[in-house]
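Everything on this sheet refers to the single structure shown next.
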Amino acid sequence: MRNPIPRFTRLLAAAALCTAAIGAQAQEVLKLGHVTPPTHVWHKVALKIGENLKSKSGGEMTVAVSPLSKLGSEGLMMDMLRSGALPMAILTVGPVSNREPAFMGWSLPYLFRDVHHATAAASTPVTQDMLKSLDKHGMVGMGYGFAGMRHVLSSRTISSPADLKNQKVRVFPNPVYKDYWQALGTAPTPLPLSEVAPGLTTNLLDAVDIDLDALVGMKFHQQAPNLALTNHMAFPSVIVVSKRYWDGLNDKQRKMLADSIKEAEIWGYTQAVTAEESNLQTVVKDGAKLQKVDLKPFTAIGEKVSQSYTVRYPKIQQFYQQAKTAK
Ligand code: BEZ
């Protein structure tokens, strides 16, 4: 039977579809989710990945960044990465270690001297191996992000662990944090970042384990002003791409994406190191009161907790040895 639509109209429609298809490709927008506020260094790294990718792809691939858990919790984001519903994310190592316990190595107390030392550990063989281990969870581990070291913010003054005895300390929801704060004699209270401000307002919390980047962004020092620079842990993130999404890209697209992430990752290291100093100046100017603290008892307890993990997990032992001497 003769097609009732004239041939010329059909050709025009086909051309339009073709343009739409090219247009769709020309406007491929990769969603990237993370949990930090837009002032945080990981948000800046995410934007940098987007800039790099746009320029390398001549505008064909761009990134839409969603901060502050707008796409859901990190657990939910990992499910979305596995299904391919979310192409990219920057995830804190805490929830990643629920899937791959070796990532708990990043949170061992008093393993790292400072942010620079932690960034040096990102290129050790063991940490690169750990990225590869994410494949079986539907994620391609592309690299690491760094925030400031963890410190303590408290509504009361602090000079030693005794001042925190039985105090409700907000901890990052992860076993290493819980073990460390329990060993210090406090009552660790696991809460996500989004629930810290209400926790301080309602006196559910007496103190908070936090990095300075998040502190500057969330201004918790306006609720609990005493800041003890305990420097007890590093706080890395993992930059991941959905394996399902990655497998659907061609070689050229994969290279553009991998290079864009690598360049942003390295840029982020320097940003994190310099942010530690500038964030400290910002919070002190904004009213945070620096505490005089004897760090020896914190360090001694932290090292014991670290040991309890290295003896239980051979991979964490390997991590500890390589990270300790990383330069
Ligand atoms: C936190 O829960 O303390 C946190 C999470 C992401 C980035 C920084 C801090």
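Just so you know, these numbers use all the heavy atoms, side chains as well, and skip hydrogens, waters and symmetry mates. Start at 1 and go down the list; that is how both ligands and their atoms are numbered.
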Please say yes or no: joined through hydrophobic side-chain contacts below 4.5 Å, possibly via intermediate residues, are M130 and M139 part of one cluster? yes

Give the atom numbers and elements of ligand 1 that come within less than 4.0 Å of a heavy atom of W42. 6 (C), 7 (C)

So which protein heavy atom does atom 8 (C) of ligand 1 come closest to, and at what separation? D211 OD2, 3.1 Å

Counting from 1 in the order shown, the ligand 1 atoms closer than 4.0 Å to a non-hydrogen atom of A214 are 8 (C), 9 (C)

Distance-only donor-acceptor check, side chains H232 and H151, under 3.5 Å: no

Counting only heavy atoms, which portion of M218 has something under 4.0 Å from ligand 1: side chain, backbone, both, or neither? neither

Under a 4.5 Å side-chain heavy-atom rule over Ile, Leu, Val, Met, Phe, Trp and Tyr, are M142 and L53 clustered together? yes

Enumerate the atoms of ligand 1 whose separation from the nearest heavy atom of V35 is less than 4.0 angstrom. 6 (C)

Of the non-hydrogen atoms in A122 and Y269, which two are nearest, and what is the gap between them? CB-OH, 3.3 Å

May I ask you to identify the nearest protein heavy atom to atom 1 (C) of ligand 1, giving residue, atom name and distance to one decimal place in Å? R170 NH2, 3.4 Å

Against ligand 1, does H34 come closer than 4.0 Å with any heavy atom? no

Run the ring-centre check on W42 versus F146 and record whether the distance is less than 6.0 Å. no

For atom 7 (C) of ligand 1, what's the nearest protein heavy-atom neighbour? Residue, atom name and distance, please. T36 CG2, 3.1 Å

Single hit among T282, N226, D286 for side-chain hydrogen bond (donor to acceptor under 3.5 Å, both in side chains) with H221: D286

